[in-house]
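Below is one structure, written out as structure tokens, with a few remarks after it.
Residue numbers start from 1 in every chain, and the chains themselves are labelled A, B, ... in the order their sequence lines are given, proteins ahead of strands.
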Amino acid sequence: MAVVSEKGAARVNPSVPVPSLPPSERPPPDPAPAPPAGRIHVAAEGFSVFYADVEAVRSVTLAIPQGRVTAIIGPSGCGKSTLLRAINRMNDLIPGCRVSGRLTLDGEDVYGPQIDVTALRQRVGMVFQKPNPFPKSVFDNVAFGPRIHGIRGRSQLEAVVERSLRRAALWGEVQDRLHENALGLSGGQQQRLCIARALAVQPELLLMDEPTSALDPIAASRIEDLIDELRGEYTVIIVTHNMQQAARVSDLTAFMYMGELVEFDATSRLFTSPAQARTQDYITGRFG
Amino acid sequence: MQRGSRELVDRAFTGVGLVSIVLLAAALLTLLGPIVLRGLGAFVFRGTVEHRRVLLEQFGRGDTEEVQRELAAARAAREPVYDMIAAFEREMKQAGPAERRAMGESLDGLKAALRELLGPLPGDPDPPLLRLRFGQTRWDRALVKLQSVLWREQYDYSDPTVMGRKVLVPRADEFRGTALEPLFDRLPAELEAMLRPRWTVYWGFLFDRSRDAHFFGGIWAELLGTVYLTVGAVLFAVPMGVASAIYLVEYAREDSRPVRLLRTCISTLAGVPSIVFGLFGLAFFINTLHVSSSKSVLAGSLTLAILILPLVIRSAEEALRAVPHTYKEASLSLGAGRWRTVATVILPAALPGILTGVVISMGRAAGETAPIIFTAAVSVGQPLALWEVFSRPTPALPWNIYNLCSEHQAVDEIRHVQYGMVLTLVALVLLLNSAAIFIRARISGRLRG
Amino acid sequence: MQGIISRAWLAGLAVMAAAGAAGAEGSGPTEIVIDGSTTVGPIAKAFAEYYMKEHPGVSITISESGSGNGAKSLINGVCQIAAMSRFMHDTEVKAAVEKQILPVPHAVAIDGIALVVHPGNPVKDLKLEQIRDIYAGRITNWSQVGGPNTKIVVIGRESNSGTFESFQLLVMKGEKTGPSVESVGSNGAIRQRVQSTPAAIGYVGLGFVDRTVKPLMVNGVSCERQAVMTGRYPVCRPLFLFTSGYPELGSHLHALVTLHLHKKGQEIVEALGYVPLTDY
């Protein structure tokens with residue numbers, strides 16, 4: 001059942017090498033990236049993350065607008081996943097991890113002393129690299145989040161589950177199998193289930209850590225379609241290894257290298273005429 | 001390594017593995033074979049009319065009319081024997097004093113052997129002990145007793161340099177020419193008619209109480225006691241053990257001193273000899289805490305619980321650690337607190353491993369003797385009702401097997417009971433272990449989708 | 001649904017309680033714990049079975065952990081009857097009195113301690129001094145006492161046993177047993193060792209002598225009813241049931257410890273192979 005997205009034609013075709021202007025004809029690099037339009041959802045100011053003594057994220061300053069899809073790219077070990085996980089404080093699970101600087105969600109410092117971490121995680125959902133549905137039924141997976149946050153009534157839960165599954169473009173395939181074990185679904189279906197599960201608690205922000213790297217191309221393409229549909233209603237930050245995916249899917253892209261934020265710009269500009277030489281080298285494949 | 005020698009090593013390794021498995025299977029068969037075969041003898045045997053009489057008179061089971069009919073027929077078959085004895089006694093009266101004494105001695109010996117075989121002779125006073133009121137209930141024992149009627153064991157001390165040799169002297173020789181001489185031909189021929197053996201399946205062995213120190217009846221008190229002790233031990237150990245495991249896996253900081261000390265304590269507890277647990281249970285639960293005024297199932301269960309606690313903790317910990325880390329991440333990222341994550345995601349996923357560990361611990365607790373000697377087990381006692389477990393002791397399979405095999409007054413008479421108890425205990429443990437495997441397979445299947 | 005279940009529970013509990021209360025004439029506690037000697041064990045078991053048949057509401061449990069442990073249990077208040085095959089030591093009596101327990105002995109039977117050997121052993125008769133020498137380790141070979149040339153395997157009891165203490169008193173006259181004496185835990189264990197070891201010698205209560213072992217004559221007196229009852233057999237002792245104070249008249253405990261005064265009790269004792277106190 002191959003589904004070819006019709007939006008694919010409008011995207012930049014990554015197999016054609018992007019011609020770059022000779023250095024003399026390039027416009028001078030912007031000293032500070034222009035703040036993108038719209039309300040800022042997540043902002044980092046001089047934010048660093050340390051694993052014991054190793055500085056995995058070095059003093060990053062970044063402003064992510066609301067309602068857009070922002071991609072974070074970079075080579076392995078550049079700190080992009082660490083930065084992502086810092087937003088919903090999943091790094092707290094790692095012993096010896098500490099932060100410095102400021103990271104705010106809607107202006108509120110995420111690491112402030114008054115913050116209720118569970119409430120934070122309800123506002124900020126996460127989808128992981130390898131699909132990880134619970135070993136429960138499809139229904140119980142999606143209903144897990146709402147149940148935590150107080151929704152108990154059967155009919156209410158059913159409504160939430162259906163809405164989330166529709167949003168994740170999975171309803172048609174599982175509506176007859178709601179009470180079967182979620183582990184019986186295919187890889188792509190499981191990942192969409194995880195997205196539905198994350199959406200069920202109605203977060204404002206969705207963090208996706210390499211969501212398609214464990215999936216086959218057709219399943220990956222469906223996830224990308226889904227991200228497209230979520231744009232506007234949700235803010236999405238997606239970390240990806242796959243530059244072409246970032247180019248297809250995101251409005252804004254941040255390039256990180258060795259823990260530092262090298263460049264942050266609109267996707268089309270970053271991929272056609274990046275301001276930094278390192279960015280240029282990365283996207284042309286000189287390293288990475 | 002060269003290819004040839006590599007293949008040789010591979011094949012040798014496979015061979016060693018196969019040989020080990022074969023040896024293990026052989027050892028298991030050698031161990032279990034006799035247990036099963038002889039133990040089954042307690043349940044399935046050729047039972048005589050005396051057995052049916054016991055069931056009717058002592059346990060109220062069986063068809064009264066039929067048993068009466070059989071008894072009448074058996075008595076009819078025995079009449080000639082008793083007549084011969086009466087005739088001999090008349091002959092005795094005719095004899096001179098010395099002869100009479102010798103005849104009397106021979107007769108006493110014969111009568112004693114006959115009583116063991118057929119039960120009280122006519123004219124005997126009513127025996128005070130139950131075991132003396134019936135003849136042999138099992139045909140295999142009856143045949144053994146028949147031998148002691150027909151033969152007398154004597155020892156030949158003729159050679160002073162060695163220990164005497166056992167010699168079997170036919171008892172018939174003592175009665176040559178008397179009225180009793182034909183008895184020794186008649187008895188083996190007619191014994192079947194006198195005892196009327198029939199293949200019997202005696203399920204009552206499990207469910208009847210024992211009568212007269214296990215001479216008759218079954219092992220219900222012991223079986224029930226073992227069940228109470230095992231279930232009690234699990235009820236105490238599992239909540240404590242699983243909670244400890246959750247603490248160690250989810251909440252404890254690995255590198256802190258107190259946690260490392262805790263782990264050392266748990267490992268040490270696992271290595272303590274079981275007799276020490278028994279003494280500890282006596283000293284602590286009974287003499288200090290006074291959980292009961294004397295031995296009781298409660299004290300025994302508590303002691304057994306401490307014995308199996310390290311097992312439960314260890315298997316629960318392994319099961320919890322085996323749950324993929326990703327479930328925890330997913331749950332936390334959805335806004336679940338730590339406790340909710342443990343309770344609704346991690347525990348259910350670890351359930352097969354925990355249950356397996358619990359059931360294996362049950363098997364261990366069921367078979368332990370030393371912890372219950374001082375805290376719960378008695379040689380003789382009634383099967384307990386549920387509310388009596390808090391204050392009363394009980395017989396239990398492991399302890400009573402030892403007791404019956406060594407301290408009983410008539411060990412040879414109740415061999416079948418000993419084997420039956422061993423089979424019951426082994427079967428119980430095997431059943432529990434099979435249940436563990438079954439549960440694990442069922443639930444893992446469900447978890448794997 | 002809930003209502004029906006809880007009502008069923010209540011009904012069930014009521015039935016069980018009624019069943020427990022029924023059939024208990026006599027008064028006083030209906031749970032009696034007996035602990036002590038393995039020699040007295042068979043008598044205690046037979047008495048208990050007989051009494052429980054007559055009074056179905058009474059429950060008697062019996063442990064056989066040795067005379068010494070029986071005394072300890074009585075002193076600690078863990079049991080109501082201590083079955084002992086010896087009298088209490090002064091230390092035990094002192095400990096009992098300190099805990100406000102007055103130990104009262106009830107002698108229920110006489111027991112002869114039979115010296116047993118394997119039936120293949122030609123030796124029939126030993127003097128008391130010879131037995132002492134054997135157990136002290138001075139006589140080591142059967143040939144020294146009229147048997148074949150085989151090393152004697154000496155089997156005795158462990159120190160918490162009343163039979164052991166009686167043996168020490170009556171045969172060893174206080175002398176310690178030799179280092180190579182094997183200690184086993186019960187009468188049954190001695191019998192098992194002796195019946196399977198041709199060169200063994202051991203001592204058991206008279207009730208444990210059967211066809212598989214051969215009792216020796218001591219000083220020419222064989223160990224049987226008349227000789228034991230009159231004291232001609234040198235190694236005999238009474239068997240006791242100790243209670244704390246004299247049991248309340250009319251209670252089940254009282255009936256149990258006076259069972260031997262009835263003809264039935266003495267018949268049971270004799271049928272078990274022990275010697276009754278009197279020619280009843």
Closest contact, heavy atoms only, [X] versus [Y]:
X	Y	answer
B/Gly335	A/Thr118	O-CB, 3.5 Å
A/Phe128	B/Ala330	CE1-CA, 3.8 Å
B/Glu329	A/Leu93	CG-CD1, 4.3 Å
A/Asn132	B/Tyr327	O-CD2, 4.5 Å

Residue list, ring pair (Phe, Tyr, Trp, His ring centres under 6.0 Å) with B/Phe284, at least two apart or on another chain: B/Phe280
Contacts of B/His325 that satisfy ring pair (Phe, Tyr, Trp, His ring centres under 6.0 Å) - sequence neighbours left out: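 With neighbours one apart ignored, the set is empty.
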What part of [X] gets within 4.5 angstrom of chain B, counting heavy atoms only: side chain, backbone, both, or neither?
X	answer
A/Met126	both
A/Lys130	neither
A/Val124	backbone
A/Arg197	both
A/Pro133	backbone

Could you have a look at A/Arg147, A/Arg89, A/Arg123, A/His149 and say which one has the most heavy-atom pairs with chain B under 4.5 angstrom? A/His149
Looking only at heavy atoms and a cut-off of under 4.5 Å, which of A/Met90, A/Gln122, A/Lys136, A/Arg85 has the most pairs with chain B?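 It is A/Met90.
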Is the shortest side-chain heavy-atom distance between B/Pro348 and A/Phe134 below 4.5 Å?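 B/Pro348 vs A/Phe134: side chains apart.
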4.5 Å side-chain heavy-atom contact, B/Leu334 and A/Phe144: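 Touching, per the 4.5 Å side-chain cut-off.
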For atom [atom1] of [X], decide whether the heavy atoms of other residues, nucleotides or ligands shown that lie under 6.0 angstrom number more than 12.
X	atom1	value
A/Arg152	CZ	yes
B/Tyr251	OH	yes
A/Glu108	CD	no
B/Phe390	CZ	no

Spacing of OG1 belonging to B/Thr344 relative to CD1 belonging to A/Ile148, to within rounding of 0.5 Å: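 It comes to 6.5 Å.
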Between B/Ser331, B/Gly337, B/Pro324, the one whose heavy-atom pairs under 4.5 Å with chain A are most numerous: B/Ser331
